[in-house]
Amino acid sequence: MELHGRKTFWSFLEEDQKVPPSPTSHHHRHSNKESEPRLSLSRPSSATVASLSPSSPGGSPWTLSPVRRSPSPSPSLLYHCIASLQRQDGNVYSIAISRGAVFTGSDSDRVRVWRQPDCIDRGCIRTHHGRVRAILAHGGTLFTSHKDHRVRVWSVFIAGPDRLRSKKLATLAPRAPSFFPFHRKKPNQHRDTISCLACYHAEGLLYTGSWDRTVKVWRLTEKACVDSFVAHEGQVSAMLVNQEDGCLFTSSWDGSVKIWRRVYGDSSHALTVVLRFQTSPVNALALSHSSSSCFLYSGSSDGYVNIWEKEAASGRFNHSGFLQGHRFAVLCLAAVERVVLSGSEDTTIRVWRREEGTGFHACLAVIEGHRGPVRCLAVSLEVESEGVGLLLYSASLDRMVKVWRIKVVGKVREGEEGLEEEGEGEGKEVAFEMSPVLSPLWVEKKLQASHLY
């Protein structure tokens, strides 16, 4: 596809991938200081042993835990945990899904690659640049952010049953400054942690949001920063791009959600509207749209998920309510069709469904299984004859990554012929017993506050 007489980044990648990349080695001869922590394996169950093979040749700090199946309390939703991975050291900060592979970024400098849906270890990508804070995957391309405040671009594909091949395509970094003062340009590198990534596929633009309150725009074909602006008064916490019109949504700990548009014929971006309903910090964003509606969801530290509905005529987003149920901060969101998933500091994941036409949201289930705050979510769609199937990947500060298979019974897609929901006419929302588990972050904050007095 040609845009303005230039090739898109994805056609650029296809040409680049014609050169066979060097295979990623599973065996590394480094000092003990650089090597990843080894496993301390406990005795797994028989089901665990079957799922664990083939194991990673180089060893990994992950243990596949026994699966515990929990009955689903809602007649409109069935779910169970199909895999549970425990990391022995460090936390998982990000999850991405692309082409049947799952990528996880953690405190380590390695990006682990797993096969869907059974989470068989396919190896790792050694980045050599420290902690991987954010991950974005599209097709065979992977973007990773690191503690040096830079982004690496990788070409990744699996050749054969167990061979992971990867090649670093670029490092998005500022250009070398000129020796002449009047030729020096404003530095393009972030000055703090890059917390989130987003990509506009049609134009080949990568957006990076940072704790330094700025957003930078990179044209991938040129591997250069084409725009940089201060987006918020606080740290940028989340970003996403509407692939239909190219609008950029950013959220921050200053409690606001902002919508940006590109200036026609230019690379700069202009602020169009500020969405603010509560002063609580916003941690996560999700977008769900169909042919007749578009909804924006923002998860806040007060435990609410605010809903913004787009007007068809004016294109303006209006606040249309909020989802209430989490006891502590909402840290992550994911949306597929009319299903919304929220992960919280209260260790639970809630599954919501938006009713067609009315915009009413019902909580279908509260998924419990983690023992710490749910840090990130990633979901993929599995279409079934009776309802919609989802594969949900959740990572928590308890160092666990869990895989859930979810089946939503009834109509989920617009105009879809589905099954009649059981219990229709009764209460739409199911009441669940709250877990007595307290969030470690919440307890730590309370202890710190008590020491101040």
Just to verify, which of Ser301, Ser300, Ser252 counts as forming a side chain to side chain donor-acceptor pair (under 3.5 Å) with Asn283? Ser301
Full working for side-chain hydrogen bond (donor to acceptor under 3.5 Å, both in side chains) between Ser394 and Lys402: CA-CA 5 Å; Ser394 60; Lys402 290 182 178 291; over 6 Å; no
In a check of side-chain contact (heavy atoms from CB on, under 4.5 Å) between Trp404 and each of Val351, Leu391, Ile349, which one passes? Ile349
Euclidean distance, Leu296 CG relative to Ile259 CD1, rounded to 0.5 Å: 6.5 Å
Is the terminal nitrogen or CZ of Arg405 (NZ for Lys, CZ for Arg) located under 6.0 angstrom from the six-membered ring centre of Tyr79 and within 45° of that ring's axis? no
Steps toward salt bridge (charged side-chain N to carboxylate O under 4.0 Å, His left out) verdict (Asp254, Lys258): CA-CA 11 Å; Asp254 62 11; Lys258 296 185 178 181; 5.2 Å; no
Should Ser251 and Ser298 be marked as a side-chain hydrogen bond (donor to acceptor under 3.5 Å, both in side chains) after you check the CA-CA gap, both sets of side-chain angles, and the distance that decides it? CA-CA 8 Å; Ser251 67; Ser298 60; over 6 Å; no
Rounded to the nearest 0.5 Å, how far apart are SG of Cys199 and CZ of Phe143? 5.0 Å
About how many Å separate NE2 of His370 and CZ of Arg399, when rounded to the nearest 0.5 Å? 14.5 Å
Can you tell me how far OG1 of Thr348 sits from NE2 of His326, rounded to the nearest 0.5 angstrom? 5.0 Å
Do the side chains of Thr250 and His232 get nearer than 4.5 Å, heavy atoms only? yes
When rounded to the nearest 0.5 angstrom, what is the spacing between CZ in Arg131 and CG in Asn91? 10.0 Å
Output, in order, the C-alpha distance, side-chain angles, deciding distance and verdict of salt bridge (charged side-chain N to carboxylate O under 4.0 Å, His left out) for Lys216 and Asp227. CA-CA 6 Å; Lys216 298 187 184 297; Asp227 192 16; over 6 Å; no
Going by atom types alone, do Arg371 and Thr347 pair a side-chain donor with an acceptor below 3.5 Å? no
Of Gln235, His190, His149, which meets side chain to side chain donor-acceptor pair (under 3.5 Å) against Asp212? His190
Within this structure, what is the OG1-CH2 distance for the pair Thr193 and Trp211, rounded to the nearest 0.5 Å? 4.5 Å
Partner of His361 by ring-ring contact (aromatic ring centres under 6.0 Å, His included), out of Trp352, Phe322, Tyr297: Tyr297
Where do Asp245 and Lys310 land on the salt bridge (charged side-chain N to carboxylate O under 4.0 Å, His left out) test, with the steps shown first? CA-CA 13 Å; Asp245 56 14; Lys310 183 178 181 181; 3.7 Å; yes
Tell me if a side-chain donor or acceptor on Ser342 pairs with a main-chain N or O of Leu333 at a distance below 3.5 Å. no
Please determine, by modelled atom types, if Thr144 and Trp154 share a side-chain donor-acceptor pair under 3.5 angstrom. yes
Name the residue from Trp260, Phe249, Tyr200, Tyr207 that meets the ring-ring contact (aromatic ring centres under 6.0 Å, His included) definition with His269. Tyr207
Listed partners of Arg276 passing salt bridge (charged side-chain N to carboxylate O under 4.0 Å, His left out), at least two apart: none
